[in-house]
Amino acid sequence: FSAEQWRSFDIKKQQDILMDYRLSFSAYGEVNWCEALGTVLANDEVVNGVSERGGHPVEKKKMRQWYLRITEYADRLLEGLEKVDFSDAMKEMQKNWIGKSQGAEMDFAIKGFDKPLRVYTTRPDTIFGVDFMVVAPEHELVASITSSEQKDAIEKYLSYVKSRSERERLAEVKQITGCFTGAYAINPFDGREIPIWIAEYVLAGYGTGAIMAVPCGDQRDFLFANHFGIPITNIIGEHFNGEEANPTKEAVLQNSGFLSGLLMKDAIGVAVDKIEEKGIGKRQVNYRMRDAGFSRQRYWGEPFPIIWSDGIAIPLDEDELPLELPHVDTYGPGPNGEGPLANLKEWADLTPNPSQKERGTRDYYHIEDEAGEDNKGNYVDENKGGDKKENTGDKKDLPGYFKSSLQEWRNTLPFAQENRKELTEAEAIIWQKIRDRKIDGLKFRRQHPIAGYIPDFVCLEKRLIIEIDGGYHDEEDQKRFDEARQKWLEENGFKMIRFTNREVKNNLKEILQKIANALREEKSQEISGSGSPLFRRGAGGEVRRETSTMPGYAGSSWYFLRYMDPNNDQTFCDRKASDYWNQVDLYIGGTEHAVGHLLYSRLWTKVLFDLGYIGYDEPYKKLVNQGMIQGSSRFVYRITPELSGSDQFTILNADEVIEFHPIFVSFNIYNEIKENNEKILEIVKKHNNENGKNRKFLSLFNEDLKFKIIESHVDVKYVNGVELKIDEFKTWRLENELADFEREDGKYICGVETEKMSKSKYNTVNPDDLVEKYGADTFRMYEMFLGPVEASKPWDTKGIEGVHRFLRKLWRLFYDDLKGKVWNEETANAVELKVLHRTIKKIEEDTERFSFNTAVSTFMICVNELVDIKCHKKEMLQQVLILLTPYAPHIAEELWHLLGNEGSVLDATYPVYDAKYLIETAKEYPVSINGKLRTTINMSLDTTPEQAEKMVLDNEIVQKWLEGKAPKKIIYVKNKMVNVVI
RNA sequence: GCCCAUGUGGCGGAAUUGGUAGACGCAGCAGACUCAAAAUCUGCCGUUCGCAAGGGCGUGAAGGUUCGAUUCCUUUCGUGGGCACCA
């Protein structure tokens with residue numbers, strides 16, 4: 001459009017256009033609606049058609065949402081991966097998520113139609129192998145191109161597709177379905193007629209929602225062609241075996257017009273050039289990624305600083321910020337899929353009711369005119385005039401039509417509220433059809449007072465009033481009301497449509513059409529002027545706050561910047577501060593954030609960079625993915641009689657319940673007997689003989705009884721390793737109290753399985769218990785000692801004793817249980833300094849490469865050595881303490897003080913590695929013969945190859961292996977090893 | 001199906017650049033101390049043949065490169081994770 005046209009658009013239109021370009025924008029979109037959670041979920045929060053949290057069903061629903069236009073950054077997000085230090089897996093996930101593909105869009109003429117069919121393909125080189133077209137069932141052309149013969153079939157298929165929920169589509173085994181439309185596309189290069197089909201395997205949301213199918217090159221197309229008996233054109237000769245498609249790009253094209261004889265991968269460019277030359281298509285890049293949903297219908301989140309005025313989103317002025325999250329009494333969802341904030345009517349609904357204009361300053365009609373109390377049209381105070389209901393008697397059925405004023409509007413409210421309690425049949429019918437924004441997303445209100453007038457239904461946005469003629473007003477009044485009302489409505493730009501009760505009941509469809517038409521005719525009121533949105537808010541129509549809140553990543557995407565300048569009240573972070581601190585050097589986080597948080601914060605950073613607020617466009621320099629700690633579940637195996645109904649009880653009569661006391665069998669016994677009812681019975685009888693608890697029960701059923709063994713989770717806190725702590729276990733649940741246990745070697749052994757840590761699996765570990773028992777330092781170090789940070793592994797506490805022993809051993813270097821203080825002020829000798837500097841070196845290296853498990857082991861070796869050489873020197877020990885501080889801060893700090901140091905160990909100078917303490921003059925060289933280690937020889941480090949050779953050959957063991965022969969070759973690698981080749 | 005990891009003792013794991021496989025810890029075994037227990041300490045601890053000395057085998061499997069391979073290459077199997085009617 002031209003500038004002139006732009007100026008002629010009303011504000012609504014201008015704003016709607018701008019919305020298509022905004023980085024954060026609002027649009028109606030199909031969102032993942034989860035009824036159970038009462039909220040919308042982002043794509044990455046939906047897993048296999050159910051909500052990631054809770055696993056509730058999710059359905060597609062059209063709702064107004066806010067989005068971040070992340071697709072606009074797709075390429076830069078992809079390129080940015082080159083310059084960050086992320087794991088390959090992480091990069092791969094982000095690449096997949098962005099899903100960039102290069103291809104071409106091209107138009108196929110449809111026989112007998114003007115409009116072409118536009119397809120997207122990554123393989124334009126296969127254009128001569130196109131045997132059919134497939135369009136998505138939702139494609140806009142489907143209705144128009146379907147031939148009359150195929151109409152029924154297509155309609156049938158469409159209703160089938162519609163009936164299939166997202167969940168079914170995903171859960172069901174892939175099956176080939178589709179339907180021929182009866183229409184044909186024309187291949188622009190050879191004029192072949194190509195049948196056009198619809199099938200659910202083509203998605204409306206990707207590419208153009210239509211594909212050209214090449215069965216010899218695409219397996220899905222191949223299966224489809226086979227299933228429906230569509231003849232297959234072979235354009236790759238022997239590369240296609242007729243059994244399955246071959247997606248190669250290396251074949252030489254045949255049967256392919258001007259492309260024949262070309263290698264497929266070369267033909268791609270040639271084909272696109274030709275397509276562009278013919279003006280029927282162009283190169284096109286597609287992305288799988290969609291824009292990121294940015295609004296949540298939840299409470300906890302930043303509220304949007306947005307006010308909707310007559311359908312236009314207006315941001316709050318800066319001086320109206322921050323908009324703080326208001327207090328709510330309930331966190332339950334609001335009406336119509338809105339969030340909890342929508343329940344706060346006062347907060348959310350800013351519509352001046354009636355607006356200034358609607359309130360007016362003049363009288364329109366005054367019901368009290370008759371009484372002559374005030375015929376000048378001035379304000380009549382209800383209270384002064386006495387109770388209206390009493391004064392006007394029969395007129396109390398005619399609420400409304402007071403003189404306009406805010407005060408009187410308020411007086412009208414109770415009547416409106418009263419009116420809302422009852423619905424006539426006709427009103428009910430209409431209401432069901434227009435409520436909940438069912439028409440064009442527009443909100444209707446019922447019995448909503450405007451000025452002093454209460455219409456049956458009103459759409460404030462479109463200023464449309466619907467009246468259902470109840471005919472209960474007396475005629476004289478009715479006429480006057482109508483006149484006054486009409487006048488008022490005209491002045492205020494309202495339009496009214498009326499229907500009779502009978503019309504509503506008999507011609508509902510027609511009426512709804514009329515309402516829809518009326519809504520569409522009505523232009524939104526132009527909002528005049530600029531200035532504060534608070535001012536503009538009064539301009540008319542519905543004015544509401546946005547009641548959605550922002551998702552977690554609104555904060556998580558950039559909080560690290562705030563950390564750099566947390567007290568700044570002018571901006572989120574001064575540019576000087578962010579320049580100084582620069583990117584996050586190291587981010588330790590899980591892979592579960594790969595396509596969520598980590599992508600969003602990269603986007604956010606790029607936006608801030610583009611706006612010039614920060615000087616870098618990637619937030620994290622290096623990313624380390626810590627592994628997931630899994631839970632180690634324990635199982636017990638309970639023998640239970642197989643009874644109909646209850647497992648544990650059998651009711652004899654109303655008074656007597658005979659209980660079967662459970663018998664638990666140990667893991668290995670369970671494995672032996674689980675399928676063998678006789679053996680189970682043996683165990684049951686054995687326990688019956690021992691304690692007689694089940695005697696009564698057994699006597700009832702004799703030998704016929706069938707048993708089963710139920711495997712169930714047992715809370716890991718009742719288990720020591722794999723051994724059940726029977727006494728404690730008995731206290732867990734009531735029915736366990738009298739249980740018996742079939743043990744092996746006197747112990748009850750539990751089954752073990754590794755699975756996700758979860759309360760329901762009773763395999764969670766509360767770190768508090770371990771911290772209580774061993775201390776935070778032990779816990780911390782044990783976590784590090786478990787293995788590489790990046791590895792996922794089951795949580796198992798069985799090794800924690802070792803770390804605990806290490807810390808106690810460390811303590812004893814300083815204080816002996818019996819002798820008390822043992823550390824001294826002596827000067828360290830060379831041997832001790834060697835131990836220290838070897839440790840400094842190793843700890844530095846290990847910490848640098850995040851190898852915390854080996855660092856812990858280095859500390860253990862160091863302490864073991866210090867114990868061996870009985871070193872208790874403060875000079876040595878405090879250096880070790882400083883090294884240890886990041887690993888075991890509490891004990892380090894405490895010992896640091898006990899050594900008499902002032903201040904915190906955190907402020908101590910970090911030890912500097914000095915290589916001179918580690919200089920060796922000789923080495924015990926490993927000597928291998930033909931690559932196999934046979935012996936070692938101690939040689940000086942400055943030994944020359946010639947000297948080394950001689951020493952090796954003189955060696956007794958080497959001579960034994962040589963058996964008098966001369967070696968073929970001797971390899972001497974200085975400071976490493978010697979290899980003798982025979 | 002594609003992509004990325006990964007595979008080493010009874011267990012968690014180590015071996016950083018192709019150079020003594022199994023560091024360190026857990027568990028286990030034997031012993032010391034002790035009335036006893038706890039705590040602590042010492043020794044053993046991949047597998048196999050052997051009284052021993054010493055040897056064979058051994059890093060999922062099969063090949064290859066190399067004086068030498070857990071490490072590099074090829075093929076293959078298993079496990080874990082990610083992606084997917086994406087044209």
Side-chain angles (χ1 to χ4, degrees), chain A residues 87-97 99-101 103 119-123 126 133-134 136 169-170 174-177 199-203 205-214 217-221 223-224 247 286-289 591-592 594-595 625 627-628 630 721 782 785-788 790-794 796-806 808-809 812 817-818 842 845-846 848-849 851 853-862 864 867 924-936 957 960 967-973 975-982:
Chain A
S87 70
D88 287 343
M90 179 63 72
K91 287 184 180 181
E92 204 58 35
M93 276 186 244
Q94 295 209 346
K95 279 181 196 163
N96 280 339
W97 186 259
K100 181 175 182 171
S101 77
V119 302
Y120 173 72
T121 180
T122 51
R123 296 296 300 274
T126 61
M133 303 293 223
V134 187
R169 282 198 191 186
L170 284 157
K174 285 170 190 177
Q175 49 177 323
I176 300 159
T177 68
E200 58 180 337
Y201 82 90
V202 170
L203 307 176
Y206 184 79
T208 61
I211 63 160
M212 53 180 231
V214 183
D218 184 292
Q219 187 60 16
R220 286 186 322 268
D221 297 346
L223 292 172
F224 193 87
N286 260 330
Y287 300 94
R288 200 170 69 80
M289 180 170 64
T591 45
E592 71 271 20
V595 293
N625 296 126
M628 191 200 290
Q630 295 153 316
Y782 179 58
F785 189 55
L786 270 177
E790 284 163 287
S792 274
K793 62 181 69 68
D796 202 325
T797 57
K798 74 182 179 196
I800 198 168
E801 285 287 347
V803 175
H804 195 228
R805 268 176 220 152
F806 156 74
R808 285 204 303 250
K809 208 166 177 178
R812 283 197 305 272
D817 292 345
L818 299 170
K842 188 75 167 43
E845 287 168 357
D846 286 351
E848 193 71 25
R849 64 188 177 104
S851 181
N853 55 332
T854 54
V856 173
S857 122
T858 302
F859 281 119
M860 288 174 170
I861 293 167
C862 170
N864 285 346
V867 169
E924 193 74 17
Y925 277 83
V927 178
S928 39
I929 291 162
N930 284 343
K932 281 197 193 301
L933 181 77
R934 296 300 175 187
T935 185
T936 59
I957 295 169
K960 194 190 103 187
K968 280 183 188 153
K969 200 184 200 180
I970 293 177
I971 291 146
Y972 166 68
V973 182
N975 207 12
K976 291 275 189 200
M977 44 61 73
V978 182
N979 190 17
V980 182
V981 186
I982 299 173

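In the text below, chain A, chain B and the rest are named by the order of the sequence lines, each starting its count at 1. Side chains included, hydrogens not; waters and symmetry mates left out as well; all remaining heavy atoms used.
Counting only distance, with no hydrogens or angles, the side chain of Arg288(A) and the backbone of Asn96(A) share a donor-acceptor pair below 3.5 Å.
Residues passing the salt bridge (charged side-chain N to carboxylate O under 4.0 Å, His left out) test with Lys91(A), sequence neighbours excluded: none.
Taking atom NE2 of residue His804(A) and atom P of nucleotide rA38(B), one finds them 17 Å apart after rounding to whole Å. Across the protein-nucleic acid pair, Asn286(A) atom CG and rA84(B) atom P stand 16 Å apart, rounded to whole Å. In this entry the distance linking OH of Tyr972(A) with C1' of rG68(B) reads 17 Å, nearest Å. Note: CE (Met90(A)) to C1' (rG80(B)) measures 16 Å, nearest angstrom. As a whole-Å value, the separation of Ile957(A) CD1 from rG55(B) C1' is 13 Å. Trp97(A) has its CH2 atom 18 Å from the P atom of rG81(B), to the nearest Å. Taking atom CG of Asn930(A) as the reference point, atom P of rC67(B) lies 12 Å away to the nearest angstrom. As rounded to whole Å, 17 Å separates atom P of rA87(B) from atom CE of Met133(A).
Using a 4.5 Å heavy-atom cutoff, the side chains of Met860(A) and Val803(A) are in contact. Contact of the Ile971(A) side chain with the Val981(A) side chain is registered, since non-hydrogen atoms from C-beta on lie closer than 4.5 Å.
Contact annotation for Val202(A): base contact, defined as any heavy-atom pair under 4.0 Å involving a base atom.
Nucleotide rC83(B) forms a Watson-Crick or G-U wobble pair with rG1(B), both donor-acceptor distances falling under 3.5 Å. Using the Watson-Crick or G-U wobble rule with both distances under 3.5 Å, rG28(B) pairs with rC44(B). Taking a pair to require two hydrogen-bonding distances under 3.5 Å in either a Watson-Crick or a G-U wobble arrangement, rA37(B) remains unpaired. Pair assignment for rG7(B) gives rC77(B), based on Watson-Crick or G-U wobble hydrogen-bonding distances that are each under 3.5 Å.
Here the OG1 atom belonging to Thr936(A) is positioned 8.0 Å from the CD1 atom belonging to Ile957(A), to the nearest 0.5 angstrom.
With P as the reference atom, rG58(B) and rU42(B) are 35 Å apart, rounded to whole Å. Taking atom P in both rA23(B) and rA5(B), the straight-line distance is 29 Å, to the nearest Å. Taking atom C1' on both nucleotides, rU8(B) is separated from rU71(B) by 12 Å, rounded to a whole Å. Nucleotides rC45(B) and rG25(B), compared at atom P, are 15 Å apart to the nearest Å. rU70(B) and rG7(B): their C1' atoms are spaced 11 Å apart (whole Å). Atom P of rG50(B) sits at a distance of 40 Å from the matching atom of rA36(B), rounded to the whole Å. The gap from the C1' atom of rC33(B) to that of rU40(B) amounts to 9 Å, rounded to the nearest Å. On the C1' atoms, rU59(B) is 13 Å away from rG13(B), given to the nearest whole Å.
Residues Ser851(A) and Thr854(A) have side chains that bring a donor and an acceptor to within less than 3.5 angstrom of each other. Ser101(A) and Asn286(A) form no side-chain donor-acceptor contact under 3.5 Å, judged by distance and modelled atom types alone.
The listed nucleotides are rC67(B), rG56(B), rA39(B); the one nearest the side chain of Val981(A) is rC67(B).
Under the side chain to side chain contact (heavy atoms under 4.5 Å, CB included) rule, Tyr972(A) has a single partner from Asn979(A), Val978(A), Val980(A), which is Val978(A).
Residues Lys969(A) and Thr208(A) each lie close to RNA chain B; by heavy-atom proximity, the contact nearer the 5' end of the strand is made by Lys969(A).
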For nucleotides 13-30 of chain B, read 5' to 3', which letter fits each nucleotide if B means a protein heavy atom sits under 4.0 Å from the base, S means only the sugar-phosphate is that close, and - means neither? SSSB--BB--BBSSS---
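Atom CD of Glu848(A) has 12 or fewer heavy atoms from other residues, nucleotides or ligands within 6.0 Å.
Applying the 4.0 Å criterion to OP1 and OP2 of rA84(B), one finds that Arg288(A) has a side-chain N or O inside that range.
The glycosidic torsion of rG9(B) lies within 90° of 0, placing the base in the syn range.
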